[in-house]
Amino acid sequence: MRTLQLDLADRGYPIHIGSGLLSEPALYRPYIRGRRVVVISDSHVAALYGEQVCAALTDFDPRLLTFAAGEPSKSLDTYALLADQLIAGRFDRRVTLVALGGGVVGDMTGFLAATFQRGVDFIQVPTTLLAQVDSSVGGKTGVNRPGGKNLLGAFYQPRCVLVDTATLATLPRRELVAGLAEVIKYGLIADEPFLTWLEQALPALLGGDETALQQAIYRSCEIKATIVAADERESGQRALLNLGHTFGHAIEAATGYSAWLHGEAVGLGMLMAAALSQRLGRLPAADCARVAAVLKRAGLPTRLPGDIDTATLLGFMAGDKKVLDGELRLVALDAIGRGVIVSGVAPTLLADVINAAHASETA
Ligand code: NAD
Ligand code: GLY
């Protein structure tokens, strides 16, 4: 097992990465203050790992609450159903919530933890690659609304993160590929040598090689922890972690949160961000082609289907959380490994980038 620390003064926490961790009682115990634990999971993950996690938590009379798997469940309706079960079960503010699942479970459970009894402890046990490299770390929690992604939420840090890479053995390949988008993101915004390593490690990662996956997860979490420790509330550099997300969130919202996986939408969004960077004269064409090539080799979509129209995407992008005083800010690339925040991009230029993503295989 390897451990990283997210340094946030009195709210810092460890990120443990290894195989078989979710069955280890000693890894949970130091982070549970009260006598009761509630494990929250979705229908797929609860069936696979719910029993093992509850067995590791028998000292805390664990209760397992579940909801239907999938992004449409990341909603106020699910939040209310879970909250009502906590209230009916008379759980008090010493309860610890354990988020067992992907980013949907982690974001929902974190938001519930932030708000139930004005805040209770929670532990992240991420089981998708995407959640292990991104959503379980850094304390962004929340739910979607029909008008936009993650528009209701809170910054609320877990007490610890247990990344059990053995869980990736059951993850469907499409989900593994979607998680790779966020791994590639770290190389693009902050670490060109990591991207070079990823380019050669892709066959091992796609083949489920646990050693390669642990290495990718460790470096991804290390980059994220450094950025979050410096800018927890996203007043500056943390926005770099949203490379491709403004385009991606718009694709997700425009398709009702059901057709595209988050990582797939972010992958195509990163390609659009690279194309934008090229058009802004920031990124050489060869680097833009490198971004397209790595995404394509990872198996991510590189073309926007015709039924997602440009005006609809621009509408959702205008409602993004990175809009400040009416001005949209976007993450671009100055080089591979160097993200930059840009504002004042002309809507016509954005429309050109979206139209190009419709038209070509490589944007
Ligand atoms: P997800 O939680 O929907 O999980 C994907 C699917 O995989 C689900 O069907 C789930 O049941 C299944 N699954 C999970 N683990 C499994 C396993 N080990 N074996 C078999 N099946 C398994 O999706 P996700 O991609 O993990 O997360 C996407 C969400 O994360 C989005 O809502 C996104 O907005 C959010 N996110 C949040 C942050 C953040 O900082 N909070 C960062 C990135 C993404
Ligand atoms: N996933 C973006 C962030 O955590 O800031």
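Order of appearance sets the numbers: ligands from 1, and atoms from 1 within every ligand.
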- Message: Please list the nearest protein heavy atom to atom 39 (C) of ligand 1 with its residue and the distance rounded to 0.1 Å.
- Response: Ser135 CA, 3.5 Å

- Message: Among Ile123, Val105, Leu100, which residue satisfies the side chain to side chain contact (heavy atoms under 4.5 Å, CB included) criterion with Val39?
- Response: Leu100

- Item | Pair Asp107 + Lys74, salt bridge at N-O below 4.0 Å | yes

- Message: Side chain or backbone, does Thr170 bring an N or O within less than 3.5 Å of an N or O on ligand 1?
- Response: yes

- So is there a nitrogen or oxygen of Lys140 less than 3.5 Å from a nitrogen or oxygen in ligand 1? yes

- Message: Under 3.5 Å between any N/O of Asp42 and any N/O of ligand 1: does that happen in this structure?
- Response: yes

- Are any of the heavy atoms in Gly139 under 4.0 Å away from ligand 1? no

- Task: Flag His245 as yes when one of its N or O atoms lies below 3.5 Å from any N or O atom of ligand 1, and as no otherwise.
- Result: no

- Interfacing atoms of ligand 1 (cut-off 4.0 Å, heavy-atom, Gly102): 2 (O), 26 (O)

- Note on the structure: Taking only non-hydrogen atoms of Val104 and a 4.0 Å limit, the atoms of ligand 1 in range are 1 (P), 2 (O), 3 (O), 27 (O), 29 (C)

- Message: Looking at Leu243, is its backbone amide N or carbonyl O close enough to the side chain of His245 to form a donor-acceptor pair, meaning the two atoms are under 3.5 Å apart?
- Response: yes

- Heavy-atom contacts with Pro172 under 4.0 Å: which atoms of ligand 1 show up? List them by number with element. 20 (C), 21 (N)

- Message: Need the ligand 1 atom indices (1-based, order shown) with element for anything under 4.0 Å from a heavy-atom of Leu48.
- Response: 19 (N), 20 (C)

- Item | Beyond-backbone contact of Ile341 with Leu330, side-chain heavy atoms, under 4.5 angstrom | no

Expected rows: ligand 2 N/O, protein N/O, dist below 3.5 Å:
{"residue": "ligand 2", "atom": "1 (N)", "partner": "Asp134", "partner atom": "OD1", "Å": "3.2"}
{"residue": "ligand 2", "atom": "4 (O)", "partner": "Lys224", "partner atom": "NZ", "Å": "2.6"}
{"residue": "ligand 2", "atom": "4 (O)", "partner": "Arg238", "partner atom": "NH2", "Å": "2.7"}
{"residue": "ligand 2", "atom": "5 (O)", "partner": "Lys140", "partner atom": "NZ", "Å": "2.8"}
{"residue": "ligand 2", "atom": "5 (O)", "partner": "Arg238", "partner atom": "NE", "Å": "2.7"}
{"residue": "ligand 2", "atom": "5 (O)", "partner": "Arg238", "partner atom": "NH2", "Å": "3.3"}

- Item | Shortest protein heavy-atom distance from atom 28 (C) of ligand 1, along with the residue and atom involved | Leu130 CD2, 3.8 Å

- Query: Can you tell me which residue and heavy atom of the protein come closest to atom 31 (C) of ligand 1, and the distance to 0.1 Å?
  - Reply: Glu71 OE1, 3.2 Å

- Decide ring pair (Phe, Tyr, Trp, His ring centres under 6.0 Å) for Phe194 and Tyr186; before the verdict, give the C-alpha distance in whole Å, the side-chain angles of both, and the deciding distance to 0.1 Å. CA-CA 8 Å; Phe194 182 50; Tyr186 294 110; 7.5 Å; no

- Pair Arg35 + Asp59, salt bridge at N-O below 4.0 Å: no

- Below 4.0 angstrom from a heavy atom of Thr167, which ligand 1 atoms are there? Numbered from 1 as shown, please. 17 (C), 18 (N)

- Message: Using the rule side chain to side chain contact (heavy atoms under 4.5 Å, CB included), only one of Val177, Leu168, Asp134 pairs with Leu129; which is it?
- Response: Leu168

- Mark the output for Leu261 as yes if a heavy-atom distance to ligand 1 is under 4.0 Å, and as no if none is. no

- Determine the sole option in Thr109, Thr115, Asp84 for which the side chain to side chain donor-acceptor pair (under 3.5 Å) test with Tyr79 is passed. Thr115

- Note on the structure: heavy-atom search around atom 23 (O) of ligand 1 in the protein gives Gly103 N, 4.1 Å

- Task: Decide, yes or no, whether a salt bridge links Glu192 with Arg290 under the criterion of side-chain N to carboxylate O below 4.0 Å.
- Result: yes

- Message: If we set the cut-off at 4.0 Å for heavy atoms, which region of Asn150 has an atom near ligand 1: side chain, backbone, both, or neither?
- Response: side chain

- Message: Which residue and atom name correspond to the protein heavy atom nearest atom 40 (O) of ligand 1, and how close is it?
- Response: Lys224 NZ, 3.5 Å

- Task: Run the numbers for me: atoms of ligand 1, each under 4.0 Å from some heavy atom of Tyr49, listed by number.
- Result: 18 (N)

Show me the donor-acceptor pairs, under 3.5 Å and distance only, between side chains in residues 87-98 and residues at least two apart or in other chains.
{"residue": "Asp92", "atom": "OD1", "partner": "Arg94", "partner atom": "N", "Å": "2.8"}
{"residue": "Arg93", "atom": "NH2", "partner": "Gln117", "partner atom": "O", "Å": "3.3"}
{"residue": "Arg94", "atom": "NH2", "partner": "Arg33", "partner atom": "O", "Å": "2.9"}

- Query: Taking both backbone and side-chain atoms of Asp107, is any N or O found less than 3.5 Å from an N or O belonging to ligand 1?
  - Reply: yes

